[in-house]
Amino acid sequence: MAPHEPWTGRRLLVIGDVLLDRYLHGRVERISPEAPVPVVRLEGEEERPGGAANVAANILALGGQVDLLSVIGDDDAGQRLRRWCADSGIDPAGLRIDPRRPTPVKTRVLSRHQQMIRLDQEDDRPLDGEIGAWLGAAAERRLEKADGVIVSDYAKGVIGADSLGSILRRARQRSLPVVVDPKIRNFDTYQPATVVTPNQAEAAAAAGCEIRGDGDARAAAGRILQRLDVEAVLVTRGEHGMLLVPRRGAPTTIPARAREVFDVTGAGDTVAAVLGIALAAGEELARAARLANAAAALAVGRLGTAVVAAGELDALGEDDQDGR
């Protein structure tokens, strides 16, 4: 049996901000005479699902099933994301249209695989009461079929205290693992949960301290455990790897596995997806974190938002997966 065969068919409820990631590729051969900026001769364009949709894409690649809940605009970008859902086997009805806000779009201009500028189209105001109520009701219906929950917060307005708190309490009542990829502005809403996965800057901000080394990271995670009703904190620290601090038990330091960092875009989505599906399949938290670390090392070696398939993790040796 393949090491990750138990993941096949696990259903994850993913709640959060969906984005459309757009990439414009071109060449730079001169500086504009109008201003001291490079002129990019466009040669190609591509689009990929981003944010919570990228989490969903990773879960599908890992062999899981997805219920995706988010809000989009009444625009072309939103329709593209709905078509992607339908083509991927995800019910597009989980993307609620709000005509008062645009679908978030991140447009990156690249030359020779180097990002030159990013343009963001978004409205990050909180959802209104009616759509927030829809989100809570839709989530509760889908929790009945879920094996786990992932909250993917990109601070674009979908995640808010009113709806999320009731969803997470219901998930705990059903003993479902909950993984939260956070943003600092909503930090106190992420409870109860199994594990929250701040990066180092987010952990420092949430704990109100600087992180200069391993000891600082452990102290920051401890403060977050005091602040939130969560079972563990997984601090992602880039080239320093990851630090898992559970409420009970000893911390675990997981060394970085990336051999070449090409693009960190979407690496947090991959971490959340692997953690979520692994915990839903019954993996121990430390083992799930090591698998997420291995997957992140693959993701950062690729351009833009990327997915990591279960077969790629299966191709790694156990030592590679476990960070040894």
Side-chain angles (χ1 to χ4, degrees), residues 12-25 42 44-61 66-110 115 117-139 142 149-160 162-164 167 180-183 185-186 189 263 265-270 272-273 303-307:
L12 277 297
L13 172 58
V14 179
I15 306 169
D17 304 288
V18 295
L19 319 171
L20 185 67
D21 282 327
R22 181 172 290 141
Y23 299 87
L24 304 179
H25 301 274
L42 292 179
E45 178 180 345
E46 61 178 316
E47 294 177 338
R48 301 177 192 175
N54 187 41
V55 175
N58 272 272
I59 292 168
L60 295 175
V66 178
D67 282 316
L68 178 61
L69 289 180
S70 189
V71 177
I72 56 175
D74 186 11
D75 49 28
D76 181 66
Q79 290 305 312
R80 289 175 184 270
L81 285 169
R82 286 175 66 91
R83 285 196 295 271
W84 172 81
C85 284
D87 292 343
S88 301
I90 300 172
D91 184 359
L95 300 186
R96 170 71 179 264
I97 294 175
D98 182 351
R100 292 164 295 186
R101 61 199 302 139
T103 302
V105 178
K106 294 182 178 181
T107 301
R108 298 171 176 88
V109 180
L110 304 101
Q115 185 177 153
I117 191 171
R118 194 182 87 186
L119 309 175
D120 288 5
Q121 174 189 355
E122 63 185 48
D123 181 346
D124 61 359
R125 291 176 297 175
L127 301 180
D128 68 22
E130 190 271 332
I131 294 182
W134 166 85
L135 183 69
R142 288 161 174 80
V149 179
I150 298 175
V151 177
S152 176
D153 190 358
Y154 272 72
K156 308 304 180 192
V158 170
I159 299 302
D162 292 342
S163 58
L164 188 62
I167 294 169
V180 180
D181 187 3
K183 283 290 182 288
R185 87 173 191 183
N186 295 319
T189 69
D263 189 347
T265 304
D269 302 334
T270 300
L303 177 65
T305 50
V307 298

Side chain of [X], backbone of [Y]: donor and acceptor closer than 3.5 Å?
| X | Y | result |
| --- | --- | --- |
| Asp128 | Ile131 | yes |
| Asp75 | Thr103 | yes |
| Arg101 | Asp123 | yes |
| Asp17 | Tyr154 | yes |
| Arg82 | Leu95 | yes |

> Partners of Ala61 by side-chain contact (heavy atoms from CB on, under 4.5 Å), sequence neighbours excluded?
Replying inline: Val307, Ala309
>> Using the side-chain contact (heavy atoms from CB on, under 4.5 Å) criterion, which residues pair with Pro126? Sequence neighbours excluded.
In response: none
Heavy-atom distance under 4.5 Å between the side chains of [X] and [Y], does that happen here?
| X | Y | result |
| --- | --- | --- |
| Gln79 | Ile97 | yes |
| Leu164 | Asp153 | no |
| Val18 | Pro49 | no |

Looking only at heavy atoms, what is the nearest atom pair of [X] and [Y], with distance?
| X | Y | result |
| --- | --- | --- |
| Leu119 | Ile117 | CD2-CD1, 4.1 Å |
| Asp21 | Gly50 | OD2-CA, 3.4 Å |
| Val158 | Leu127 | O-CD1, 3.7 Å |

Taking side chain to side chain donor-acceptor pair (under 3.5 Å) as the definition, give me every residue that meets it alongside [X], ordered by chain and number, with sequence neighbours left out.
| X | result |
| --- | --- |
| Gln121 | none |
| Asp74 | none |
| Ser70 | none |
| Thr107 | none |

Return the [atom1] to [atom2] distance between [X] and [Y], rounded to the nearest 0.5 Å.
| X | Y | atom1 | atom2 | answer |
| --- | --- | --- | --- | --- |
| Arg96 | Glu130 | CZ | CD | 4.5 Å |
| Asp67 | Asp91 | CG | CG | 7.5 Å |
| Asp120 | Lys156 | CG | NZ | 5.5 Å |
| Trp84 | Leu68 | CH2 | CG | 6.5 Å |
| Asn54 | Ile59 | CG | CD1 | 10.0 Å |
| Tyr23 | Glu45 | OH | CD | 12.5 Å |

>> side chain to side chain contact (heavy atoms under 4.5 Å, CB included), that's the test. Do Lys183 and Ile159 meet it? Break it down for me.
In response: CA-CA 10 Å; Lys183 283 290 182 288; Ile159 299 302; over 6 Å; no
> Where do Ile150 and Asp181 land on the side chain to side chain contact (heavy atoms under 4.5 Å, CB included) test, with the steps shown first?
Replying inline: CA-CA 8 Å; Ile150 298 175; Asp181 187 3; 5.8 Å; no
